[in-house]
Amino acid sequence: MIAIKNLKVNLGDFLLQNINLDIEPGEYFIVLGPTGAGKTVLLEAIAGLYPVLEGEVWIGDREITDLSPEKREIGIVYQDQALFPHLSVEKNIAFGLKMRKCPKNEAKAKIDAIVEVMGISHLLKRSPATLSGGERQKVALARALVTEPKVLLLDEPLSALDPETRERMQRELREIHSRVELSVIHVTHDFEEAIALGHRVAVLNDGYIAQIGTPEEFLRRPSSEFVARFALTRNILSGRVMGIEDGCTLIDIGGAKLRATTEAKGEVRLSLRPEDILISKEPLQSTARNCLMGVVSDIADRGSVIYITVTLPPDFVCIITRQAFDELKLKKGVEVWITFKASAIHVF
Amino acid sequence: MIKMRGWKKPGSMEIVFILLGALMLLFIFAPPLKTVFSSSPGTLWNTLLEEDVYSSVLLTIFAALTATLIGLLLGVPLAYLLARHQFRGKRFVEAIIDVPIVIPHSAAGVALLFVFGSNFLFGKILNGIGIGFFRSFTGVVIAMMFVSVPFLIDAAKEGFKAVDVRLEKVARTLGASAWKSFFRISLPLAWRSIFSGSVLMWARGLSEFGAIIIIAYSASFLGWNTKVLPVLVANRFDFGLDSAGPVAAIAILISLIAFIVLRSIAYRGEKT
C-alpha cells in the first residue's frame with residue numbers, strides 16, 4: 001500500500017538513510033526510536049513536508065515522491081495536535097474539506113459521521129483552547145480522518161497525555177483504526193505503546209532502521225543490543241559458548257553456566273527478558289533448563305510490579321508482581337533461585 | 001488586627017524601583033501633556049482651521065498611511081521568509097533591515113536623494129512613469145517608509161515566528177496550497193503583531209522630520225504646497241513658542257488619539 005524505497009533525508013547532524021518500508025493496507029505500523037532518531041522527519045518526508053535527498057515514496061501504484069503535500073492524500077497528527085487556534089473545533093475539522101472544495105451538504109455529512117465515530121459531537125462549537133488533552137487528540141484525529149486520507153501519520157500522538165488518558169486513547173486508537181481500516185504509521189519512543197498498538201514495529205537508530213518485525217519478534221528476537229535495550233530487555237550479558245550438553249548449548253557467563261538453544265559459537269552477547277525469569281526461595285522442579293542460585297542485591301519498586309536484581313554473579317533483573325513479592329518476603333541479601341527456559345535466552 | 005489578603009508589603013527594592021519608574025513615566029508623559037494643555041481648546045480649533053495646518057495634517061496622515069500600506073505589501077513577505085527559512089546571509093539581511101534605525105535621518109534623506117534623484121536609477125524609473133520625487137507627496141512617502149519600515153518588518157517577523165510551523169504543515173496535508181496555508185493560517189494568526197508593527201510604522205512615519213526636510217521641505221498635495229506636521233512645527237518655531245505650541249499640540253493629539261485607538265483594536269484582537 002505504502003512503500004518507501006531507499007529514502008535518504010538530511011537531518012543536519014546526520015542522515016536518515018536506507019529507509020525501506022512496505023506497509024500493508026490497513027496495517028498499524030509503528031516506528032520506534034529514541035528522541036532525535038529522526039522519527040518526525042521521516043513522517044514529514046513521507047508527507048512531503050521535508051525534502052528528501054534520494055529515494056521514492058509510493059502509495060499503491062502511484063509514486064508521490066515529488067508531489068506537494070496537499071496532493072498526497074496523507075493525513076498527519078502531531079504530538080501537540082496542532083489544532084488551528086483561531087478556528088472552532090467544527091471549522092478545524094471542516095478545514096480539509098473546504099480546501100478540497102467538498103460540497104457543503106457532503107461536507108456536513110462527513111463531519112457528522114466522523115464526530116459520531118470519535119464521540120466529539122458536543123465539542124463542535126468549542127474553541128481548541130478550551131479542550132482537554134484527550135479531546136484535542138480526538139479533534140486532531142477527526143480533522144485528519146474526515147478527508148479520507150490513504151495513509152495516516154501519527155507523530156507521538158499520546159506523548160503529551162497523562163497516563164490515564166494515554167491508556168484510554170490507546171484503546172480508542174485501536175478501535176478507531178479497526179473501524180476506518182486505513183494504513184497508519186505511528187512514531188513513538190515508548191516501547192510499551194509500540195507493543196500495544198503495532199501490527200509491526202520498525203526501530204530507528206542513528207538514521208537507519210535497526211529492525212523491522214512483529215512485537216513478538218522484538219520481544220523474543222531483538223536483532224542487536226540496541227534493540228534489546230530499547231525493548232526493555234534488562235539482562236544483556238556477555239558469554240562464551242563451551243559446547244553442547246544434553247541437547248542445549250552451554251554458555252559460560254563468567255561464574256555461571258547457562259543452557260540456551262543457539263547454534264552460535266565462541267564469544268557471544270545474549271539477552272534475557274525479566275518477565276521470563278521465575279524467582280523462588282527453593283529450586284523449582286520444572287522443565288526449564290536453567291535454575292541458578294543468587295542473592296537479592298537490589299529491589300526497585302515500580303508500583304504494580306517490582307524489579308528484583310539477583311546477583312550470581314553476574315546480575316539478573318527479574319520482574320514480579322507485588323503479591324508475589326509479599327508472599328516471597330524478599331529482602332536484600334536473601335538467597336533465591338532464578339529459573340528460566342533455555343529458549344528464553346536470545347543470542348544476537 | 002485585620003490583615004488584607006493578597007497584600008504584601010513592598011520591600012525597599014520595590015519602593016526604590018516604583019519611585020524611579022514613576023520618575024521615568026513623568027519624564028515621558030509631562031512634555032506632551034504640558035504642550036497640549038498650554039493651548040486652550042479654542043486656540044487649538046482655530047489653529048486647525050488654518051489652511052497650512054489642516055493641509056499639513058492631511059498630508060502627514062495620508063503619507064504615513066500610504067507608506068505603511070506599501071510597507072505591508074513589501075515587508076510582510078520578507079518578514080515571513082525571515083521567520084520561516086534559514087539561509088546563508090540571513091543575519092546580514094536582518095541587519096540591513098535595521099539600518100534605517102541607526103543612521104541619522106537627515107543622512108538618510110540625502111541617501112534617498114542619491115537613489116531617487118532624477119539622475120539616478122529609481123529616480124529615472126519614477127520620472128519615466130511621471131512620478132516626481134523631490135518636494136513631492138511621493139518623496140514624503142518614500143522618506144517615511146525608509147525610516148519606519150523596520151518596525152513593521154521586525155514585528156511581523158516575530159509574529160510569524162510565534163505561529164507554530166506545524167499548523168502550516170497540517171494545513172498543507174489537509175489540502176491547502178502554500179498560498180492558502182499562508183492566508184488562512186499564518187496571516188490570521190500573525191495579524192496582531194503585523195497590525196501592531198503597522199501602527200508603530202505609521203506613528204514613526206508621522207513623526208519623521210530629518211529625512212523629509214531634505215527631500216520635501218514642502219510638498220505638493222491636493223493642490224496645496226504644504227509641509228508635514230513636524231516640519232511645520234519647526235517652521236512655526238522660527239516665530240516663537242507661542243506660534244509653534246498649538247501646532248505641536250495638534251500633532252501630539254492626532255498621534256496619541258490614533259495610537260490609542262489602533263492599540264486598543266490590537267489589544268481587543270489579543271483578548272479574542
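Protein chains get the first letters and strands the later ones, always in sequence-line order, with residue 1 at the start of each.
- A salt bridge is defined here as a Lys NZ or Arg NE, NH1 or NH2 lying under 4.0 Å from an Asp or Glu carboxylate O, and B:Arg166 with A:Asp155 fails to meet this definition.
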Item to check | Pair B:Ile185-A:His86, side chain to side chain contact (heavy atoms under 4.5 Å, CB included): steps then yes or no | outcome: CA-CA 8 Å; B:Ile185 304 297; A:His86 59 308; 3.9 Å; yes
Next on the checklist: Quick one, A:Arg143 with B:Val170, criterion side chain to side chain contact (heavy atoms under 4.5 Å, CB included). Give me CA distance, side-chain angles, the key distance, then yes/no.
Outcome noted: CA-CA 10 Å; A:Arg143 182 179 62 179; B:Val170 167; 3.2 Å; yes
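- The number of heavy-atom neighbours closer than 6.0 Å to CZ of B:Phe87, taken from other residues, nucleotides and ligands shown, is above 12.
- Heavy atoms of B:Leu189 lying under 4.5 Å from chain A belong exclusively to its side chain.
- Side-chain atoms of B:Arg184 and A:Lys98, non-hydrogen and from C-beta on, do get closer than 4.5 Å to each other.
- With a 6.0 Å radius and a threshold of 12 heavy atoms from other residues, nucleotides or ligands, A:Glu63 has its CD atom above the threshold.
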Next on the checklist: Between B:Leu167 and A:Tyr78, does the side chain to side chain contact (heavy atoms under 4.5 Å, CB included) criterion hold? Intermediate values first, please.
Outcome noted: CA-CA 10 Å; B:Leu167 297 176; A:Tyr78 283 105; over 6 Å; no
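- To the nearest 0.5 Å, atoms OG1 (B:Thr173) and NZ (A:Lys71) are separated by 15.0 Å.
- Environment of CZ in B:Phe62: sparse, with no more than 12 heavy atoms of neighbouring residues, nucleotides or ligands closer than 6.0 Å.
- For A:Leu83, the part sitting under 4.5 Å from any heavy atom of chain B is the backbone (N, CA, C, O) and nothing else.
- Proximity of B:Asp164 to A:Asp80: side-chain heavy atoms (C-beta onward) are separated by under 4.5 Å at one or more points.
- Rounding to the nearest 0.5 Å places CD1 of A:Ile74 at 13.0 Å from CZ of B:Arg172.
- For B:Lys180, the NZ atom sits in a packed shell: over 12 heavy atoms of surrounding residues, nucleotides or ligands are nearer than 6.0 Å.
- With a 4.5 Å cut-off on non-hydrogen atoms, A:Ala140 does not touch chain B at all.
- Shown here is B:Lys90, whose NZ atom has more than 12 heavy atoms of other residues, nucleotides or ligands within 6.0 Å.
- Rounding to the nearest 0.5 Å places CD of A:Glu44 at 3.0 Å from NZ of B:Lys169.
- In terms of heavy atoms, A:Met99 sits closest to B:Ala176 at SD-CB, 3.6 Å.
- No more than 12 heavy atoms of other residues, nucleotides or ligands lie within 6.0 Å of CZ in B:Phe17, so this atom counts as exposed by the packing criterion.
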